[in-house]
Amino acid sequence: MVDNSSTLGETAHRFTRNGRELQLRVMAVAGGAEYGHVLLFGEVSDGCLVRIHSRCLYGESLGSQDCDCGPELDTALDRMWEEGGGILIYLEQEGRGSGLIAKALGYRESERRGTDTFASYESLGLPADNRTYLDAAKSLRDLGLTRVRLLTNNPAKVEQVRSTGLAVTRVPLHTEPLSQRAAEYLEAKRRRRGHMIPPYGVLSEPGMESVLERPAPLPGIWSRLGPALRPRHTVRRVRVKVRPGTLRRIWLRGADLPWGRDNGSDSSVSK
């Protein structure tokens with residue numbers, strides 16, 4: 001067995017991404033390599049960016065457009081490259097901790113029953129989410145860190161990392177859905193697990209038409225809604241869900257809206 005403390009420096013090598021090199025060092029996550037690895041890119045110090053990411057074969061290696069796992073990982077790494085460093089903790093927690101077979105069974109159950117994968121897992125007798133982030137948090141403490149900026153929308157992840165005594169500032173990690181199915185999955189994460197993301201998705205309601213998705217200029221729809229509802233920030237996209245002849249719901253996308261702010265109660269530094 002390789003000892004982390006004696007080999008971290010010995011693993012240092014150049015890693016090129018998008019034409020830019022950063023030094024990369026690697027160690028096993030606390031608990032052992034079978035649970036995952038810690039990748040340190042560039043210079044890391046207290047308060048650095050951290051992404052704790054669970055394996056997703058479909059989204060990261062096979063290019064699936066049914067989830068947001070691949071885009072989230074790419075976006076997190078982009079942020080680290082912009083800052084010249086950060087830490088990726090890559091956990092072997094495929095299928096929300098239940099494994100690849102369970103994931104496939106969950107997808108099939110969702111297709112058969114018309115439910116989201118959280119409900120499908122539960123109908124199969126599986127936990128809706130069986131992941132843990134305590135080993136990841138211990139790894140950060142083993143590195144001597146006392147505070148981190150955590151790239152996540154998942155409140156359970158923030159809570160577990162904070163429970164180990166680390167001070168956490170949540171940094172929102174929002175990506176565009178790659179498909180309608182991905183948008184529905186994001187909506188399920190928001191509704192079922194409390195993920196702090198914009199309400200992208202489509203809720204299945206009888207008699208509802210499909211979501212109308214298109215760029216919308218500010219003049220027009222906002223002028224008809226009235227000054228009280230006009231945004232004070234740039235709106236990148238408007239999604240409208242309608243019952244025939246009736247405006248039902250409007251969804252807004254924008255980094256300056258409440259779920260995208262890197263401040264306030266959901267992203268405050270806390271122990």
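Position 1 is the first residue of the sequence, and the numbers go up from there.
- Expressed to the nearest 0.5 Å, how far CZ of Arg193 lies from CZ of Arg96 amounts to 8.0 Å.
- Remark: the backbone N or O of Arg25 is not paired with any side-chain donor or acceptor of Thr11 at under 3.5 angstrom.
- Atom CD of Gln23 has more than 12 neighbouring heavy atoms from other residues, nucleotides or ligands inside a 6.0 Å radius.
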Stepwise side-chain contact (heavy atoms from CB on, under 4.5 Å) test for Tyr185 and Asp66: CA-CA 8 Å; Tyr185 178 54; Asp66 299 328; over 6 Å; no
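- Arg79 and Pro172 make their closest contact through NH1-O, 4.3 Å (heavy atoms, listed as atom of the first residue, atom of the second, distance).
- Hydrophobic clustering keeps Tyr121 apart from Leu100 (ILVMFWY residues linked when any side-chain heavy atoms are closer than 4.5 Å, directly or through intermediates).
- From Asp78, atom CG reaches atom CG of Leu73 across 9.5 Å, with rounding to the nearest 0.5 Å.
- Separating the CG atom in Leu126 from the NZ atom in Lys103 is a distance of 14.0 Å, to the nearest 0.5 Å.
- Using a 4.0 Å cut-off between charged side-chain N and carboxylate O, Glu184 and Arg181 make no salt bridge.
- Checking side-chain atoms of Lys157 against main-chain N and O of Ile52 turns up a donor-acceptor pair under 3.5 Å.
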Where do Ser179 and Gln65 land on the side-chain hydrogen bond (donor to acceptor under 3.5 Å, both in side chains) test, with the steps shown first? CA-CA 6 Å; Ser179 67; Gln65 297 181 335; 5.6 Å; no
Would you be so kind as to tabulate the donor-acceptor pairs closer than 3.5 Å made by side chains of residues 41-49, with sequence neighbours excluded?
residue	atom	partner	partner atom	Å
Asp46	OD1	Thr146	N	2.6
Asp46	OD1	Thr146	OG1	3.4
Asp46	OD1	Arg147	N	3.3
Asp46	OD2	Thr146	OG1	2.5

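- Annotation: the span from Arg17 atom CZ to Arg20 atom CZ amounts to 11.0 Å, rounded to 0.5 Å.
- Listed here is the closest heavy atom pair of Thr115 and Ala119: CB-CB, 4.0 Å.
- Considering all non-hydrogen atoms of both residues, Gly59 and Cys67 come closest at CA-SG, 4.0 Å.
- Not one N or O on the side chain of Arg131 forms a donor-acceptor pair closer than 3.5 Å with the backbone of Gln93.
- Judged purely by atom type and a 3.5 angstrom limit, Glu60 uses its side chain to pair as donor or acceptor with the backbone of Cys56.
- Between the side chains of Glu109 and Ser120, not a single donor N or O lies within less than 3.5 Å of an accepting N or O.
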Steps toward side-chain contact (heavy atoms from CB on, under 4.5 Å) verdict (Asp74, Thr175): CA-CA 10 Å; Asp74 284 341; Thr175 62; over 6 Å; no
Go through the steps to decide whether Lys189 and Asp116 satisfy the test salt bridge (charged side-chain N to carboxylate O under 4.0 Å, His left out), and finish with yes or no. CA-CA 9 Å; Lys189 290 204 295 185; Asp116 62 59; over 6 Å; no
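- Residue Leu143 holds its CG atom at 7.5 Å from CD1 of Ile89, rounded to the nearest 0.5 Å.
- Counting all heavy atoms, side chain and backbone alike, Pro71 lies closest to Leu178 at CG-CD1, 3.8 Å.
- The backbone N or O of Cys69 sits nowhere less than 3.5 Å from a side-chain atom of Tyr58 that would complete a donor-acceptor pair.
- Linking Ile, Leu, Val, Met, Phe, Trp and Tyr residues whenever their side-chain heavy atoms come within less than 4.5 Å leaves Tyr107 and Leu186 in two separate clusters.
- In this structure, Arg191 is not positioned above the aromatic face of Phe118 in the sense of NZ or CZ being under 6.0 Å from the six-membered ring centre and within 45° of the axis.
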Test salt bridge (charged side-chain N to carboxylate O under 4.0 Å, His left out) on Glu111 and Arg108; report intermediate values, then the result. CA-CA 5 Å; Glu111 291 173 0; Arg108 179 176 173 81; 6.0 Å; no
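- Rounded to the nearest 0.5 Å, atoms CG (Asn154) and CD (Glu159) are 10.0 Å apart.
- Checked by atom type and distance alone, the side chain of Arg14 never pairs as donor or acceptor with a backbone atom of Glu21 at under 3.5 Å.
- Annotation for Val29 and Asp135: closest pair CG2-O, 3.8 Å, computed over non-hydrogen atoms.
- Counting heavy-atom neighbours within 6.0 Å of Ile101 CD1, excluding the residue itself, gives a total of 12 or less.
- For Asn153 (side chain) and Leu173 (main-chain N/O), a donor-acceptor pair under 3.5 Å exists by modelled atom type.
- Counting only N and O atoms by type, the side chains of Thr117 and Ser110 include no donor and acceptor under 3.5 Å apart.
- With a 6.0 Å radius and a threshold of 12 heavy atoms from other residues, nucleotides or ligands, Tyr35 has its OH atom at or below the threshold.
- The main-chain N or O of Leu77 is never found under 3.5 Å from a side-chain atom of Arg51 such that the two would form a donor-acceptor pair.
- A side-chain donor-acceptor contact under 3.5 Å links His174 to the backbone of Met196.
- Salt bridge status for Arg55 with Glu94: absent, with no side-chain N to carboxylate O gap under 4.0 Å.
- In terms of modelled atom types and a separation under 3.5 Å, the side chain of Thr75 and the main chain of Glu72 share no donor-acceptor contact.
- Residue Ala137 comes nearest to Leu166 through the heavy atom pair O-CD1, 3.7 Å, listed as atom of the first residue, atom of the second, then distance.
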Derivation and outcome, side-chain contact (heavy atoms from CB on, under 4.5 Å), residues Leu40 and Ile87: CA-CA 5 Å; Leu40 292 82; Ile87 299 174; 4.3 Å; yes
